[in-house]
Amino acid sequence: MVDMRLPLSFYQQDTLALSKQLLGTYLVHESPEGLTAGKVVETEAYLWGDPACHAYRRRTPRNAVMFGPAGHAYVYQIYGMHHCFNVVTAPENTGEAVLIRALEPSEGIDLMEKRRHTNEVKSLCSGPGKLVRAMGITRAMNGVSLTGGNLYFLPAPDASSEVVTTTRIGITQGADLPYRFYVRGNPFISRK
DNA sequence: GCTGGGATCGCCT
DNA sequence: GGCGATCCCAGCG
């Protein structure tokens, strides 16, 4: 059987380009509890020199993975209780990443409902903290490869849909930068 | 050592 | 729509 997962070269694209390229792809997690997958419908870019980026100041233990090679997972805890999942991009020693903000659930919806304690499919993955929970992604997966493990992306099967570009959510620094992207009209995004 | 704030969510009004 | 939960860690002293 052919391994369809997106290759390393996919993640070595320019970060803003990749933020848009990721829309329509499928994020898959083969966990011990079962397989879950969803279509990426909302992303945000965090760039080098961008004050909202965790790598803005310097390399620290928390953001170290962002400075590593592209195609790895950066998972961090936020507000003491939630986690966010990012795709590391850019060459080594350049801290850039794409935050995955929302998925349209496609596989393992029962398992997602169990993990999220809700049966409302529209809200299973409609936010960065929610999708991490629904997909069974944990802090222990910070730094894992997206090209050689059980967490990976599959190519977008359909023709690309219309992408809306807007400002990012929940930040104060760099709030005016147009680094948020989502699939127009998709009901599974975190907000308009 | 301390302390303030954060790429959020869900419940309450 | 507003706010409290909750904790790691960066930055400063």
Side-chain angles (χ1 to χ4, degrees), chain A residues 11 14-23 27 36 38 40-68 70 72-90 93-105 112-144 146 151 153 163-183 186-192:
Chain A
Y11 301 101
D14 167 80
T15 302
L16 285 174
L18 183 62
S19 301
K20 287 176 261 193
Q21 291 276 322
L22 277 165
L23 294 175
L27 176 62
T36 48
V40 179
V41 295
E42 180 180 344
T43 61
E44 283 181 2
Y46 287 86
L47 304 185
W48 190 237
D50 162 15
C53 183
H54 285 174
Y56 181 57
R57 291 172 181 273
R58 60 199 169 84
R59 187 177 186 136
T60 69
R62 179 176 73 148
N63 65 26
V65 170
M66 291 184 76
F67 289 87
H72 289 249
Y74 170 50
V75 182
Y76 71 94
Q77 188 182 35
I78 187 69
Y79 297 117
M81 43 173 54
H82 303 294
H83 295 267
C84 293
F85 165 66
N86 297 250
V87 176
V88 175
T89 60
N93 300 315
T94 302
E96 300 194 351
V98 179
L99 170 68
I100 306 301
R101 282 195 58 89
L103 303 175
E104 178 177 333
M112 289 187 185
E113 289 175 341
K114 187 177 149 201
R115 284 169 172 158
R116 288 271 296 110
H117 305 112
T118 176
N119 294 324
E120 201 182 333
V121 177
K122 261 174 70 169
S123 69
L124 283 177
C125 299
S126 59
K130 294 178 186 179
L131 73 89
V132 161
R133 193 69 188 270
M135 293 291 288
I137 294 170
T138 66
R139 193 170 136 65
M141 293 164 74
N142 185 39
V144 299
L146 298 172
L151 181 68
F153 288 88
V163 175
V164 179
T165 301
T166 181
T167 53
R168 295 173 294 185
I169 292 176
I171 56 170
T172 49
Q173 304 279 309
D176 54 333
L177 295 168
Y179 292 167
R180 174 172 174 251
F181 309 95
Y182 64 89
V183 176
N186 188 284
F188 296 90
I189 60 176
S190 65
R191 55 158 297 188
K192 295 246 161 69

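Within every chain, numbering begins at 1; the chains are lettered A, B, ... in the order of the sequence lines, protein sequences first and strands thereafter.
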Tabulate atom names and distances for all N/O pairs under 3.5 angstrom spanning the protein and nucleotides 11-13 of chain B.
none

Most 5' of A/I169 and A/S123 on DNA chain B, judged by nearest nucleotide: A/I169

Working for side-chain contact (heavy atoms from CB on, under 4.5 Å), residues A/V121 and A/E113: CA-CA 8 Å; A/V121 177; A/E113 289 175 341; 3.8 Å; yes

A/N63 side-chain N/O to A/M66 backbone N/O, donor-acceptor pair under 3.5 Å: no

CZ (A/R115) with more than 12 external heavy atoms under 6.0 Å: yes

Intra- and inter-strand pairs of DNA chain B in dot-bracket (Watson-Crick or G-U wobble, both distances under 3.5 Å; | for another strand): ||||||.|||||.

Atom-to-atom span, CZ of A/R62 to C1' of B/dA7 - whole angstrom: 9 Å

Identify the pairs formed between an N or O of the protein and an N or O of nucleotides 11-13 of chain C at a distance under 3.5 Å, and give each distance.
from, atom 1, to, atom 2, distance (Å)
C/dG11, OP1, A/R57, NE, 2.8
C/dG11, OP2, A/R58, NH2, 3.0

With A/R58 via side chain to side chain contact (heavy atoms under 4.5 Å, CB included) - residues at least two apart: A/T60

Touch class at under 4.0 angstrom, heavy-atom based, for A/R168 against every strand present: nothing

Touch class at under 4.0 angstrom, heavy-atom based, for A/R116 against every strand present: sugar-phosphate

Distance (rounded to the nearest 0.5 Å) between A/N86 CG and A/N142 CG: 9.5 Å

Smallest separation among heavy atoms of A/R139 and A/V75, with atom names: CA-CG1, 4.0 Å

Rounded interatomic separation in angstrom, taking CD1 from A/I171 and P from B/dT8: 9 Å

For A/T167, all residues meeting side chain to side chain contact (heavy atoms under 4.5 Å, CB included), sequence neighbours excluded: none

Interatomic spacing from CG in A/L131 to CD1 in A/I137 - rounded to 0.5 Å: 6.0 Å

Nearest-0.5 Å distance, CG of residue A/L23 to OG1 of residue A/T43: 4.5 Å

Those residues of residues 74-83 of chain A lying under 4.0 Å from DNA chain B by at least one heavy atom: A/Y76, A/I78, A/Y79, A/G80, A/H82

Proximity to DNA chain B (any heavy atom under 4.0 Å), residues of residues 175-183 of chain A only: none

Whole-Å distance separating the NE2 atom of A/H54 from the C1' atom of C/dC8: 11 Å

Spacing between A/R115 atom CZ and B/dC9 atom C1', to the nearest angstrom: 19 Å

Inter-nucleotide C1' distance (C/dC3, B/dG5), Å rounded: 16 Å

Rounded distance (Å) that lies between atom P of B/dG10 and atom CG of A/L131: 12 Å

side-chain N/O A/R139 vs C/dC9 OP1/OP2, d < 4.0 Å: yes

Summary of side chain to side chain donor-acceptor pair (under 3.5 Å) pairs that have at least one residue in residues 94-104 of chain A, sequence neighbours excluded: A/T15-A/E96, A/E42-A/R101, A/R101-A/S190, A/E104-A/N186

Sugar-phosphate, base or nothing in reach of A/R191, heavy atoms under 4.0 Å: nothing

Pairs touching residues 76-90 of chain A that satisfy salt bridge (charged side-chain N to carboxylate O under 4.0 Å, His left out), sequence neighbours left out: none

Nucleotide B/dA7, atom C1' - distance to CG of A/L47 in whole Å: 13 Å

Would you be so kind as to tabulate the donor-acceptor pairs closer than 3.5 Å made by side chains of residues 46-55 of chain A, with sequence neighbours excluded?
from, atom 1, to, atom 2, distance (Å)
A/Y46, OH, A/E44, OE1, 2.7
A/D50, OD1, A/A52, N, 3.0
A/D50, OD1, A/R168, NH2, 3.1
A/D50, OD2, A/L47, N, 3.3
A/D50, OD2, A/R168, NH1, 2.6
A/D50, OD2, A/R168, NH2, 3.4
A/H54, ND1, A/Y74, OH, 2.8

Pairing residues for A/S126 by the side-chain hydrogen bond (donor to acceptor under 3.5 Å, both in side chains) criterion, not counting sequence neighbours: A/K130

Distance-minimising heavy-atom pair for A/I169 and A/R191: CD1-CG, 3.2 Å

Any A/R101 side-chain nitrogen or oxygen under 4.0 Å from OP1 or OP2 of B/dT8: yes

Nearest-Å distance for atom pair CG/P, residues A/N119 and B/dG10: 14 Å

Residues A/L151, A/L27; criterion side-chain contact (heavy atoms from CB on, under 4.5 Å); working and verdict: CA-CA 7 Å; A/L151 181 68; A/L27 176 62; 3.9 Å; yes

Distance, nearest 0.5 Å, that separates CD1 of A/I100 from CZ of A/F153: 4.0 Å

Side chain to side chain contact (heavy atoms under 4.5 Å, CB included) partners of A/K122, counting only residues at least two apart: A/P187, A/F188

